[in-house]
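Since the model is a prediction, treat every value here as computed from it, not as a measurement. Chain letters run A, B, ... following the sequence lines, proteins first and then strands; every chain starts at 1.
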2 protein chains.
Amino acid sequence: MVSSQQELQRIALAEFAIAGYTGTSIQRIAELAGLSKSSVLYHFTSKEALLEAAVSPAVERLNVLLSDLEDRGLNADYRATFITQFVDFIFDCRQEVHLFINQGPSLVGLAVIDRANDTVRRLAHYFAESTSNPHDKMRFGIALGGSAYMLCTADNFEMPLESDDETRQALVAIMNELLAPVRAE
Amino acid sequence: MVSSQQELQRIALAEFAIAGYTGTSIQRIAELAGLSKSSVLYHFTSKEALLEAAVSPAVERLNVLLSDLEDRGLNADYRATFITQFVDFIFDCRQEVHLFINQGPSLVGLAVIDRANDTVRRLAHYFAESTSNPHDKMRFGIALGGSAYMLCTADNFEMPLESDDETRQALVAIMNELLAPVRAE
DNA sequence: TGTGTGGCTGACCGATCGGTCAGTTAGTCT
DNA sequence: AGACTAACTGACCGATCGGTCAGCCACACA
């Protein structure tokens, strides 16, 4: 038996991610949960509080991941660790990632979104500064954006994914390729 | 002197792409254009008609690109041609692409969106069937999604891009890598 | 000088939005 | 039995939504 709070959080996250924050009404979430609109606002003081509860954990987790990366650096021995952790993160939090990647810029002003935007910017900045080669910067962007895209958006377009393990391993392998700073041409 | 129609279409596309279709009111578009809400609805019979006008050309262009690919196949000699055309397409239509990639699934029922979703699904399907190797399927997805991501979303997170030519060339090079069906391990 | 006509507008419509509030249950403790 | 509380609800609020409609105005053509 899950609590109404958890259930509402789960439903809201799914709806916010696919239909958008502004495109999802409290009424809609209430219907999916089998409750009234008033009940939703009983458990969460506002629509923004519901968003906060739904995506905040993912933002904090990405922040930890990024802080570790900034401390340890992208040298060859830590790179593999970071990549597996990053892939695991997107695996676990694909809806949250989809939400604050795609809606982050348009939801500025909401506290948790501002924090998410800062974190994503810091991540982008770190990779942009880790090489002076424009070509490599592009590789980094494609690795980060492409892997996030595969997990977050692919479902919506009926791209069939293999089993979780197979997908995870393939993602890790490709990211290792794309993030390798020196490659044979 | 550009016509009000063209101006409205341009403004609407930019707003729809960044703030979302449901998150953008006709009133908002009117303000940005320096017109009244009634004027917007004079030039376009409905909000949906405005969306149609804004993204339809991009959908048709992607359809042509995809039809050519389906006719010619992904053999080595045509692959390079497709990649440059695809990159050019995302370059020219990054707002439209951003819109129907991210909002497509939630805007089902709008005619132009349904057409866009069909086209994207066809594209995904083509690449998914062009190899039986799950690892390669993942490479294709990352190539298509990652390159789209770089051009459509990177701006929003202050990822500085190089000059257009440099970015385009880098994108083409990396996509050639990722789409090469046979590689050394 | 009239007669259109294309571009544009404000007033207005029903519906829905996020949010408030008083009140109704059902269960728990004393 | 009575008091308290957590969970939940319907009625209601002002604001905004997409859209309709009658009419205004500058300008072209007769």
Side-chain angles (χ1 to χ4, degrees), chain A residues 1-56 99-100 102-104 106-114, chain B residues 1-56 99-100 102-104 106-114:
Chain A
M1 175 64 188
V2 297
S3 72
S4 286
Q5 283 227 24
Q6 294 170 337
E7 181 71 359
L8 283 170
Q9 207 166 305
R10 199 184 54 78
I11 293 172
L13 174 59
E15 284 297 299
F16 287 160
I18 189 158
Y21 178 72
T22 60
T24 303
S25 65
I26 300 180
Q27 173 68 32
R28 163 82 177 155
I29 295 170
E31 280 169 11
L32 290 173
L35 293 175
S36 70
K37 190 177 71 165
S38 299
S39 286
V40 177
L41 287 163
Y42 165 76
H43 288 290
F44 300 90
T45 58
S46 68
K47 191 182 180 185
E48 179 175 356
L50 187 46
L51 177 70
E52 172 85 31
V55 309
S56 179
L99 197 158
F100 62 68
N102 290 328
Q103 303 174 52
S106 68
L107 297 179
V108 172
L110 306 179
V112 67
I113 295 294
D114 287 344
Chain B
M1 174 63 186
V2 296
S3 72
S4 286
Q5 283 228 23
Q6 294 170 338
E7 181 72 357
L8 284 171
Q9 208 166 305
R10 200 183 53 78
I11 292 172
L13 175 59
E15 285 295 301
F16 287 160
I18 189 158
Y21 177 72
T22 60
T24 302
S25 65
I26 300 180
Q27 173 67 33
R28 163 83 177 155
I29 295 169
E31 280 169 12
L32 291 173
L35 293 174
S36 70
K37 191 177 71 166
S38 300
S39 285
V40 177
L41 287 164
Y42 165 77
H43 288 290
F44 300 90
T45 58
S46 68
K47 191 183 179 186
E48 180 175 354
L50 186 47
L51 177 70
E52 171 85 32
V55 310
S56 178
L99 196 157
F100 61 69
N102 290 327
Q103 303 174 52
S106 67
L107 297 179
V108 172
L110 305 180
V112 68
I113 296 294
D114 287 343

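With sequence neighbours left out, the ring-ring contact (aromatic ring centres under 6.0 Å, His included) criterion links A:Phe16 to A:Tyr21.
Residues A:Phe44 and A:Ala53 come closest through the heavy atom pair CE2-CB, 3.7 Å.
Proximity of B:Ile113 to B:Val108: side-chain heavy atoms (C-beta onward) are nowhere separated by under 4.5 Å.
Take the nearest nucleotide of DNA chain C for A:Thr45 and for A:Arg28: the residue whose nucleotide is more 5' is A:Arg28.
Across residues 8-27 of chain A, not one residue has a non-hydrogen atom less than 4.0 Å from an atom of DNA chain D. Contacts of residues 37-44 of chain A with DNA chain D (heavy atom under 4.0 Å): A:Ser38, A:Ser39, A:Tyr42, A:His43.
To the nearest 0.5 angstrom, B:Gln9 atom CD is 7.5 Å from B:Gln5 atom CD. From B:Leu99, atom CG reaches atom CD1 of B:Ile18 across 11.5 Å, with rounding to the nearest 0.5 Å. With values rounded to the nearest 0.5 angstrom, A:Leu107 atom CG is found 9.5 Å from A:Asp114 atom CG. Rounded to the nearest 0.5 Å, atoms CG (B:Asn102) and CD (A:Gln103) are 8.5 Å apart.
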Return a table of donor-acceptor pairs under 3.5 angstrom between the side chains of residues 24-38 of chain B and protein atoms on other chains or two or more places apart.
unit_1  : atom_1 : unit_2  : atom_2 : d
B:Thr24 : OG1    : B:Glu15 : O      : 3.3
B:Thr24 : OG1    : B:Gly20 : O      : 2.7
B:Ser25 : OG     : B:Arg28 : N      : 3.1
B:Gln27 : NE2    : B:Glu31 : OE2    : 3.0
B:Arg28 : NE     : B:Glu15 : OE1    : 3.2
B:Ser36 : OG     : B:Ser39 : N      : 3.3
B:Ser36 : OG     : B:Ser39 : OG     : 3.4

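Between chain B and DNA chain D, the heavy-atom contact criterion of under 4.0 Å yields a 5' to 3' nucleotide range of D:dC17 to D:dT20.
Applying the side chain to side chain donor-acceptor pair (under 3.5 Å) definition to pairs two or more places apart or across chains, those involving residues 40-54 of chain B are B:Glu52-B:Arg115.
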